[in-house]
2 protein chains.
Amino acid sequence: MFGHQEDYLKLIAPELPEILLRRYRLLRRICFSAPVGRRTLASCLGVGERVLRREIGVLRDQGLVRVEPGGIYPSSAGRALVAGITPYIKSLLGLTSLEERLLGLLKVQRVTVVPGELEEDEVVLWEMGRAAARVLRECLAPGMVLAVSGGTSCAAVADMLPASPGPEGITVVPARGGLGEIVDYQANTIAARVADKLQSRYRLLHLPDSLSQEAIDMLLAEKRIKEIMDLIHSAEVLLHGIGTAEEMATRRGAGEEERRRLREKGAVGEVFGYFFNASGEVVERVPSLGLYLEDLGGRIKNTIAVAGGRKKAEAIVAVVGNHPRDLLVLDEGAARRILELFESREPSSGRRPAPVSR
Amino acid sequence: MFGHQEDYLKLIAPELPEILLRRYRLLRRICFSAPVGRRTLASCLGVGERVLRREIGVLRDQGLVRVEPGGIYPSSAGRALVAGITPYIKSLLGLTSLEERLLGLLKVQRVTVVPGELEEDEVVLWEMGRAAARVLRECLAPGMVLAVSGGTSCAAVADMLPASPGPEGITVVPARGGLGEIVDYQANTIAARVADKLQSRYRLLHLPDSLSQEAIDMLLAEKRIKEIMDLIHSAEVLLHGIGTAEEMATRRGAGEEERRRLREKGAVGEVFGYFFNASGEVVERVPSLGLYLEDLGGRIKNTIAVAGGRKKAEAIVAVVGNHPRDLLVLDEGAARRILELFESREPSSGRRPAPVSR
DNA sequence: ACCGGGGGGGACTTTTTTTGACCCAATGGG
DNA sequence: CCCATTGGGTCAAAAAAAGTCCCCCCCGGT
């Protein structure tokens with residue numbers, strides 16, 4: 001009954017989405033990167049300076065932003081608006097119904113689609129992080145162990161997580177050992193930052209991610225390592241990003257030969273060391289210490305997957321789904337692309353579409 | 001929680017109400033008086049022909065209207081839209097909160113405010129009629145007697161009442177004998193039309209409205225008259241318009257002397273022969289056959305008052321209110337004016353403001 | 001059969017708004 | 001102290017909107 005209000009609006013005022021979206025994106029951007037200047041904003045949003053000036057004028061007159069020498073700041077009303085109007089924007093863009101369709105297609109517990117396209121607008125990443133952070137907080141209960149993986153998406157979650165105490169006795173651990181990457185995007189770093197925000201304990205796994213089996217066995221014999229491993233395996237909530245197979249292979253420094261093998265096996269998606277083909281089967285595994293896929297069936301109550309960008313669509317479909325424990329947070333671009341994948345393959349809505357070459 | 005959505009919209013897109021209202025009024029107009037031409041519409045809505053043309057273009061592109069040689073017709077989607085979006089428009093214009101404030105000020109059971117100003121746009125009358133018709137239908141129960149008065153407002157209710165059977169055994173009667181007016185606006189005529197729409201019985205009172213006491217006594221002795229009178233007195237629902245004292249006095253052909261007396265007594269409102277001062281007291285009564293004010297306290301379950309136009313505001317306040325049985329349907333113009341009356345008199349929100357000279 | 005009034009659509013000019021491209025003084029961080 | 005960046009101002013070009021016609025058509029009454 002109430003979902004039709006937006007349709008009515010779009011019918012009688014078809015220019016509304018354009019106005020609304022433009023202004024919403026602008027205000028959102030201001031909120032995220034204040035103080036910010038006109039020219040910066042204009043180049044970010046891809047509009048002329050003069051146009052932006054008019055828009056800013058409107059927002060200023062409405063008391064949504066303060067314009068000062070030094071830049072443009074959001075007012076408290078502006079911040080409140082951007083938070084409060086998001087569900088509205090979502091339903092106006094059809095994201096609410098998009099969420100429902102994905103819920104049915106992927107058969108997960110919950111889907112959150114964030115407006116925008118991550119590859120075009122970095123703000124979308126933060127917004128995704130904020131959405132995932134909200135979901136994460138809802139999952140936490142006293143005494144739980146939370147495992148987090150690395151990547152920019154998870155880093156964004158840590159960034160956007162409000163700094164207010166979580167439930168009692170939370171312990172945050174990395175899902176796996178560190179990748180040889182920028183420290184900000186390592187699981188360890190993110191675990192620590194999440195724990196900091198939640199004001200909870202954390203334990204780290206200061207180890208390289210990719211190891212030989214002997215090294216692993218040896219390390220497992222260590223008492224301190226064993227302790228942390230037990231902690232990791234007792235995790236009840238898992239927060240992880242999703243990588244495309246190629247990108248992750250490259251990032252791990254895989255050689256040409258290894259990448260060719262992955263391609264031949266049809267790997268499209270990756271989650272903490274596991275490579276999945278389009279049918280959701282594991283085709284390769286980077287040996288390391290940390291959470292194993294098998295553990296997901298056990299204690300894990302919820303896995304929160306965060307990913308965005310059209311190019312991640314296939315990876316997302318490969319990795320997530322068919323698990324009522326899965327909570328998926330993604331951006332509009334990936335969401336629409338996933339829908340395309342399903343539609344182009346099987347109009348009869350079976351899960352697991354084969355990969356589509358782009 | 002949800003009432004803030006419109007405020008958000010107005011904040012971030014302050015030009016929205018203008019666009020929306022213009023288009024809503026246009027579409028509503030088309031619905032009510034199709035087929036209709038550009039020029040007619042333009043003069044009605046007070047906009048240039050060219051702008052109207054653009055608006056029509058938008059509505060056409062949205063599939064809300066059909067544009068044919070012969071005029072502009074609403075599509076079924078257009079009709080559905082105009083009906084479905086009305087509550088939205090109301091809350092956007094603040095009419096929903098206006099209704100709540102009037103509810104508190106007048107202490108009636110229910111208030112329905114229709115967007116627009118009756119004196120400027122005749123469509124508002126019809127829309128008011130439609131709203132009142134809906135209220136009326138909700139009041140009816142099997143076997144009830146419904147009394148209706150005369151006037152343009154009640155005539156509009158009869159017009160807009162959908163022609164679908166009402167509850168079983170409804171009987172429609174005029175609240176009073178006929179006024180010496182245009183037949184379309186007489187209580188008898190309206191009673192018959194309402195009954196026709198509801199597919200129910202009706203009984204009429206073919207008598208002049210203003211009579212001497214002897215004549216009344218004589219008529220009451222008549223068996224057939226007595227029957228109808230009993231029926232009228234057993235009415236459980238009453239639908240009536242509200243007149244300003246001056247207008248009604250003039251319409252009844254009162255002389256200068258009589259009108260001066262009414263003025264001196266402070267009469268501002270009129271309902272089927274009773275004149276009320278601003279405090280809601282009866283100051284004059286036109287002797288006639290039909291419903292007496294005293295009857296209202298008895299069997300009457302609901303009285304539906306319909307009135308519109310800024311000039312009716314004082315009359316409405318004088319006549320209606322302080323009765324939990326009262327259902328009020330009015331237009332935006334009258335509603336806002338009533339609020340002004342209360343505010344200008346007693347900020348402490350006591351009922352019954354003294355009359356304000358205009 | 002035949003007007004004639006009101007219907008939509010097209011075309012043209014005028015006006016207003018929008019937009020792009022500057023420059024300027026001020027401010028704040030390095 | 002300096003330089004980069006800020007918001008504000010201005011002005012001309014461009015585009016969009018709006019006002020004003022005229023034309024043709026259809027329908028209905030004569």
Side-chain angles (χ1 to χ4, degrees), chain A residues 12-79 122-123, chain B residues 12-79 122-123:
Chain A
I12 206 169
E15 66 273 47
L16 182 71
E18 187 194 344
I19 301 178
L20 210 53
L21 195 59
R22 177 157 30 104
R23 224 158 270 175
Y24 168 72
R25 288 183 54 193
L26 173 59
L27 190 56
R28 184 173 70 171
R29 170 64 104 182
I30 294 173
C31 283
F32 276 120
S33 47
V36 63
R38 278 194 327 230
R39 291 167 254 267
T40 312
L41 283 173
S43 72
C44 278
L45 301 183
V47 295
E49 178 196 325
R50 206 61 178 68
V51 181
L52 189 128
R53 215 149 141 180
R54 194 171 49 80
E55 297 293 303
I56 293 291
V58 175
L59 295 184
R60 185 192 352 100
D61 294 343
Q62 295 297 110
L64 296 175
V65 298
R66 286 192 325 274
V67 147
E68 299 180 8
I72 303 167
Y73 298 79
S75 72
S76 57
R79 288 190 187 280
E122 52 176 336
V123 172
Chain B
I12 206 170
E15 65 273 48
L16 182 71
E18 189 194 344
I19 302 179
L20 210 53
L21 195 58
R22 178 159 28 104
R23 225 159 267 174
Y24 168 72
R25 289 184 53 194
L26 173 59
L27 188 57
R28 185 173 69 171
R29 184 75 190 200
I30 293 173
C31 282
F32 277 121
S33 47
V36 62
R38 277 194 326 230
R39 291 166 254 267
T40 312
L41 282 172
S43 73
C44 279
L45 301 183
V47 295
E49 179 195 324
R50 205 62 177 71
V51 311
L52 189 128
R53 214 148 142 181
R54 192 172 50 81
E55 297 294 304
I56 292 291
V58 174
L59 294 184
R60 182 187 1 95
D61 293 343
Q62 294 296 111
L64 296 174
V65 298
R66 286 192 325 274
V67 144
E68 298 179 8
I72 303 166
Y73 297 79
S75 72
S76 57
R79 290 190 186 279
E122 53 176 335
V123 172

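Throughout, a chain's letter reflects where its sequence line sits, starting with A, and its residues are numbered from 1. When reading the values below, keep in mind they use all heavy atoms of this one structure, side chains included, and skip hydrogens, waters and symmetry mates.
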For the CZ atom of A/Arg79 and the CG atom of A/Leu64, what is their distance to the nearest 0.5 Å?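 That separation rounds to 12.5 Å.
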Sidechain N-carboxylate O distance under 4.0 Å for A/Arg29, A/Glu55: no
Kindly say if A/Arg53 contacts the phosphate of D/dG7, meaning a side-chain N or O under 4.0 Å from OP1 or OP2. no
Does a side-chain N or O of A/Thr40 approach OP1 or OP2 of D/dT5 to a distance below 4.0 Å, or not? no
Quick check on DNA chain D: between B/Val47 and A/Gly37, whose nearest nucleotide comes earlier from the 5' end?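 Nearer the 5' end of the strand: A/Gly37.
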Rounded to whole angstroms, how far apart are [atom1] on [X] and [atom2] on [N]?
X       : N      : atom1 : atom2 : answer
B/Leu52 : D/dT20 : CG    : C1'   : 15 Å
B/Tyr73 : D/dC27 : OH    : C1'   : 11 Å
B/Glu68 : C/dG6  : CD    : C1'   : 16 Å
A/Arg54 : D/dG7  : CZ    : P     : 17 Å
A/Glu15 : D/dA16 : CD    : P     : 15 Å
B/Arg66 : C/dG8  : CZ    : C1'   : 15 Å
B/Arg60 : C/dG8  : CZ    : P     : 11 Å
A/Arg22 : C/dT18 : CZ    : C1'   : 12 Å

Hey, does B/Ile19 have a side-chain heavy atom less than 4.5 Å from the side chain of A/Glu15?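 Touching, per the 4.5 Å side-chain cut-off.
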Can you check whether A/Leu41 reaches A/Ile56 side chain to side chain, under 4.5 Å on heavy atoms? yes
Specify the closest pair of heavy atoms between B/Phe32 and B/Val123, including all atoms of both residues, with the distance to one decimal.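 That would be CD1-CG1, 3.2 Å.
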Distance-minimising heavy-atom pair for A/Gly70 and A/Pro35: O-CB, 3.7 Å
Counting heavy atoms from C-beta on, name the nucleotide in C/dG20, D/dA18, C/dG9 closest to the side chain of A/Arg50.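 Among the listed nucleotides, the one closest to the side chain of A/Arg50 is C/dG20.
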So if I define the base as every atom that isn't primed, P, OP1 or OP2, how would nucleotides 23-30 of chain C read as a B/S/- string at a heavy-atom cutoff under 4.0 Å? B---S---
Need one value for A/Ile72: base, sugar-phosphate or nothing, where a base atom within 4.0 Å counts as base even if backbone is also close, heavy atoms only. sugar-phosphate
A/Leu26 and side chain to side chain contact (heavy atoms under 4.5 Å, CB included): which single residue from A/Val58, A/Leu21, A/Leu59 fits?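 With A/Leu26 as partner, A/Val58, A/Leu21, A/Leu59 yield a single side chain to side chain contact (heavy atoms under 4.5 Å, CB included), made by A/Leu59.
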Would you list the pairs meeting side-chain hydrogen bond (donor to acceptor under 3.5 Å, both in side chains) in which at least one residue belongs to residues 66-78 of chain A, sequence neighbours left out?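 Passing the test, one end in residues 66-78 of chain A: A/Arg66-A/Glu68.
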Both B/Val67 and A/Gly48 contact DNA chain C. Which one's nearest nucleotide lies toward the 5' end?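 Looking at DNA chain C, the more 5' nearest nucleotide goes with B/Val67.
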Output a table of nitrogen or oxygen pairs between the protein and nucleotides 28-30 of chain D separated by less than 3.5 Å.
none

Determine whether a donor-acceptor pair (N or O, by modelled atom type, separation under 3.5 Å) exists between the side chain of B/Ser43 and the backbone of B/Thr40. yes
